Asker: 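Handing you a structure now.
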Amino acid sequence: MVVNDIHDVGQSRLTFRRDSTFHKELRRRVDDYFRSSDRSPRDCFAMYLKTAIILVVFSGFYSLLVFVAGSWWQALPLAVLLGLSMAAIGFNIEHDGSHNSYSNHAWINRLAAMTMDLIGASSYVWHWKHAVVHHTYVNITGHDADIDISFFGRLTPHQKRFRLHRWQHFYLWPLYGLNVIKWHLYDDFRDVILGRIERTRMPRPKGWELAGFVGGKALFLTLAFGLPLLFHPLWIVVLFYVLTVGIAGVVVSVVFQLAHCVEEAEFPLPQENHGSMENAWAVHQVETTVNFARRSKIESWLLGGLNFQIEHHLFPRVCHVNYPAISNLVEQTCRDFGVRYGEHTTFRAGLLSHFRWLRRMGSRTAGVPQLVIAPEHGPAERR
Ligand SMILES: [Zn+2]
């Protein structure tokens with residue numbers, strides 16, 4: 001099936017099945033874990049230390065690239081490293097801040113979330129796009145903005161297939177990087193002007209939020225273009241902006257895609273005509289999400305726990321440094337309730353699954369889409 005465009009939507013809100021037995025038991029077990037151990041769900045020392053390390057590394061690479069590098073062989077590796085440190089900020093700092101899982105103090109979460117503005121995207125829009133819309137409606141075509149890259153790619157069985165999609169498993173990888181440039185310079189502004197993310201209305205920023213949006217964009221444009229232009233010609237600055245942000249974009253997009261756009265993830269649609277999902281919210285989160293490389297300490301540290309996306313989707317307000325510790329509990333609870341807990345044991349296995357999924361979705365035999373009416377919804381609650 002293919003989901004129709006925004007003009008055809010109704011007014012009712014997308015709902016999930018009312019059965020919270022699984023979710024309640026999960027919460028009880030995880031709460032028990034935090035009560036019986038000396039760990040805290042938020043305000044973890046490991047998180048503050050990690051933040052300091054990543055921000056120092058990011059500032060170091062930025063300064064070396066803009067103020068020190070004098071030749072292409074110095075600038076090139078620095079651009080790659082700067083791109084990777086931007087991705088690390090996204091994975092580790094802003095993501096937790098945006099979910100209010102960094103700290104019990106709202107201002108610390110806000111500050112952490114604003115590192116998103118530092119790396120080019122609006123923290124205000126991202127909060128709505130990711131923490132609200134994506135996390136509520138994950139993998140629901142027409143509602144989850146993460147699986148919508150317009151005609152460039154077909155990521156779900158419910159999107160229209162174009163002829164060019166038969167090559168998408170090759171050409172999409174660099175486009176993931178370019179997509180982030182579009183996000184910085186176009187998507188954020190479009191979303192604020194339209195006041196909606198996919199089918200969910202987003203309140204337009206006002207007052208301090210609007211000042212934060214404008215100030216964030218001004219800060220990033222100054223860092224990416226204004227300051228470098230004082231030392232380098234325009235074409236060099238533009239080239240290195242595209243290169244650095246492109247690398248960050250590919251890494252960020254691929255890591256997020258491995259959680260939801262793989263063969264093992266489900267892509268359910270609302271039941272026709274009444275906009276309700278077959279599963280309860282927590283079951284939906286697990287069955288649309290797949291973990292990878294859970295046993296790798298290095299990947300867990302670098303990727304901000306995004307290799308534990310099942311735990312993240314079930315407990316978005318728990319700081320990611322705790323995911324390895326609660327993961328076995330979550331897996332066991334899924335098993336007890338007959339909920340499929342999907343994972344790839346390595347990053348490579350997840351990557352290959354994403355490649356195969358893209359190939360399958362672009363293939364001519366991937367099915368002929370039909371039309372279904374999906375409901376529109378107002379602003380969801382912040383979670
Ligand atoms: Zn998230």
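Counting starts at 1 for both ligands and their atoms, following the listed order. Owing to the predicted nature of the structure, the values given are computational and were not obtained by experimental measurement.
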Asker: Restricting to N, O or S atoms, which atom of H95 is closest to the Zn ion (ligand 1)?
Answerer: NE2

Asker: Backbone or side chain, does H313 get an N/O/S atom under 2.8 Å to the Zn ion (ligand 1)?
Answerer: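 Given the 2.8 Å cut-off, H313 does not count as a ligand of the Zn ion (ligand 1).
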
Asker: Could you check whether any side-chain heavy atom of F308 comes within less than 4.5 Å of a side-chain heavy atom of F315, counting everything from C-beta outward?
Answerer: no

Asker: Please find the N/O/S atom of H130 nearest to the Zn ion (ligand 1) and write down its name.
Answerer: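 Going through the N, O and S atoms of H130 one by one, NE2 ends up nearest to the Zn ion (ligand 1).
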
Asker: Please work out which of the three classes, parallel, tilted or perpendicular, describes the rings of H130 and F256, given edges at 30° and 60°.
Answerer: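 Judged by the thresholds at 30° and 60°, the geometry between F256 and H130 is perpendicular.
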
Asker: In H135, the N, O or S atom nearest to the Zn ion (ligand 1) is which?
Answerer: NE2

Asker: Ring centres of Y102 and Y48 under 6.0 Å apart?
Answerer: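 Close enough - the centres of the two rings lie under 6.0 Å apart.
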
Asker: Hey, does P268 have a side-chain heavy atom less than 4.5 Å from the side chain of N279?
Answerer: no

